[in-house]
Amino acid sequence: MNQLRIVGGTLYDPANGVSGEVRDICIDDGRIVDSLPASARRLDASGMVVMPGGVDIHSHVASGSVNLARRLLPEEHEADPAAAPALTGGDVARSGTGGTIPSTFTTGYRYAGLGYTTVFDAAVAPIMARTSHGELDDTPIVDAGFFVLMGNDEYLLRLVAAGERAQAREYAAWLLGAAGGYAIKVVNPGGVELWKRGARDRVGLDTPVGSERVTPRAILETLVEAANGLGLPHAAHIHCNDLGVAGNVATTLASMRAVEGRRAHFTHLQFHAYDAAPDGTRRSGARPLIEYINAHPEISGDVGQVMFGAATTLTADGAVEYLLHKSSGRRWVNVDIELETGCGVVPHTYKEKNAVSALQWVVGLELFLLAADPWRMVLSTDHPNGGSFLAYPELIRLLMDRGYRDSCLARVNQTLLAGSAMADGVGREYTLDEIAIVTRAGPARLLGLTHKGHLGPGADADVTVYARDEDVSKMFATPRYVVKGGTLVVEEGQLRRAPRGQRLHVRPGYDGAVETPLREFFDRHATVSFRNYPVGDLRDTPIMVGRT
Ligand SMILES: [Zn+2]
């Protein structure tokens with residue numbers, strides 16, 4: 001009953017070196033297997049393109065800030081009601097709302113409808129972790145997890161101030177397990193804390209945050225070492241200081257140099273790749289950044305591509321949202337999350353005729369097109385910050401079709417594009433292999449998900465089948481079939497089943513001695529008791545962590 005043979009499709013499985021070969025895929029009980037009896041159910045994929053299910057390494061779908069954004073934008077709910085899908089199985093079907101921040105059920109349905117089967121929320125404040133798990137429980141189909149914000153955490157900063165880096169590592173291990181998270185997230189290290197204290201200037205890598213010993217550099221080093229020392233499946237996931245600011249590429253490069261030789265992931269790099277022109281305006285800084293990344297195999301990144309149209313910016317980087325709110329005049333929310341982090345939300349519209357939007361669009365494409373190793377520069381729009389995940393098919397067309405890309409480039413505001421690689425002309429066109437790398441195989445590898453992002457025996461049976469189309473954005477927007485964990489969820493382009501996804505989380509071991517001072521800290525300063533803080537039993541077993 002649980003067996004399925006996908007017959008005659010053309011496979012793109014770069015993790016196993018398979019490029020455009022016609023092969024069958026055999027599925028038994030949720031896993032890919034070598035072979036099946038002749039009696040197994042068959043699905044005809046002749047002439048179609050078969051890839052592993054998509055893996056989103058950086059999105060925002062289940063956090064306190066996502067919920068604030070949903071509440072801030074009721075007009076989106078009015079504009080995009082999402083009816084309950086017509087499911088054939090016994091699964092519960094729920095209506096919802098769409099827009100840039102879909103409701104939970106709609107988020108699961110739409111990701112699956114796009115051929116994506118694994119998604120990570122990139123920024124959860126640990127005190128809000130219970131809410132995030134509740135939201136993910138209500139996000140069907142996709143396997144999901146989240147990254148835990150630590151770069152402005154009061155207790156961590158105290159340990160850094162005391163020079164207790166080994167204790168900081170043990171605390172990070174405890175916090176990940178307590179929140180049921182998957183990876184360490186760093187957002188504007190120290191900068192959010194400084195902003196909360198009233199500082200409004202740019203933060204340098206060596207700006208003291210209170211104590212002279214606590215600097216963005218020290219926080220970065222501490223958390224990168226913690227992720228590597230704990231043997232976490234994913235590196236520390238870093239949103240650098242000075243997001244969006246002219247000249248910030250210098251900060252980004254300095255941050256990379258600060259952790260040189262150590263595994264680290266730098267996220268939504270498009271927002272951190274601006275040079276400053278002599279008149280102080282932004283211009284592209286993509287070239288020096290990508291040259292550094294090309295030469296440093298320990299560094300990985302995702303792009304955070306901007307797509308023209310409606311977006312919602314939401315981030316733990318309250319300082320950035322303050323600047324955006326001041327410059328755009330759009331309404332906003334700002335919340336300081338007691339001892340842990342910040343949070344801000346501002347709706348935003350990227351316009352072709354706006355000089356800054358056009359520059360951002362160009363810088364993101366440059367990062368893709370100049371990257372020597374697509375395994376280490378993977379696809380994201382930082383949904384919904386640079387645009388919705390529903391814009392991925394359009395982004396794929398921009399990468400694969402130079403003629404189309406150049407026609408779009410000709411339409412955008414040229415004011416800030418002088419000297420950029422795109423303005424000089426970039427001929428590269430991504431192949432289907434490279435698309436498979438940046439949308440599934442690469443993110444899975446960077447996340448340490450050995451059962452995902454490929455179609456070899458033993459892999460999770462997450463498979464997407466696309467009908468070829470002249471227009472690749474159409475092909476990628478509406479897969480013909482999607483299999484999730486062995487269940488056929490999309491049939492003939494229609495969502496038919498909505499099984500529960502798995503929770504992806506880690507529970508690293510830690511030195512129990514870390515708990516005594518922590519309990520004291522909670523008693524003195526926290527609004528939640530130490531005992532009630534951890535989320536408790538999660539429904540899926542944690543992924544094993546091999547401490548070094
Ligand atoms: Zn993000």
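The figures that follow rest on heavy atoms only: side chains count, while hydrogens, waters and symmetry mates do not. We count ligands from 1, going down the list as the structure has it; atoms in each ligand are counted the same way.
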Novice: Begin from the C-alpha positions of Asp275 and Arg282 and carry the test salt bridge (charged side-chain N to carboxylate O under 4.0 Å, His left out) through to its verdict.
Specialist: CA-CA 6 Å; Asp275 204 347; Arg282 297 179 190 85; over 6 Å; no
Novice: According to salt bridge (Lys or Arg N to Asp or Glu O under 4.0 Å), does anything in residues 215-242 pair up with another residue at least two apart or in another chain? List the pairs.
Specialist: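 For residues 215-242, and leaving out neighbouring residues, the salt bridge (Lys or Arg N to Asp or Glu O under 4.0 Å) pairs sorted by first residue read Arg165-Glu221, Arg202-Asp242, Asp206-Arg217, Glu225-Arg262.
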Novice: Please work out which of the three classes, parallel, tilted or perpendicular, describes the rings of His325 and Trp332, given edges at 30° and 60°.
Specialist: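 Correct class here is parallel.
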Novice: Closer than 2.8 Å to the Zn ion (ligand 1), what protein N/O/S atoms do you find?
Specialist: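 The answer, once waters are left aside, is His58 NE2, His60 NE2, Asp382 OD1.
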Novice: Taking only residues two or more places apart in sequence or in another chain, which ones pass side chain to side chain contact (heavy atoms under 4.5 Å, CB included) with Thr450?
Specialist: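 By the side chain to side chain contact (heavy atoms under 4.5 Å, CB included) rule, Thr450 matches no residue at all.
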Novice: So which pairs with a foot in residues 105-131 pass salt bridge (Lys or Arg N to Asp or Glu O under 4.0 Å), sequence neighbours left out?
Specialist: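 Residue pairs passing salt bridge (Lys or Arg N to Asp or Glu O under 4.0 Å), neighbours aside: Asp80-Arg110.
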Novice: Working to the nearest 0.5 angstrom, can you tell me the gap between Phe147 CZ and Phe120 CZ?
Specialist: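 CZ of Phe120 is found 6.0 Å from CZ of Phe147.
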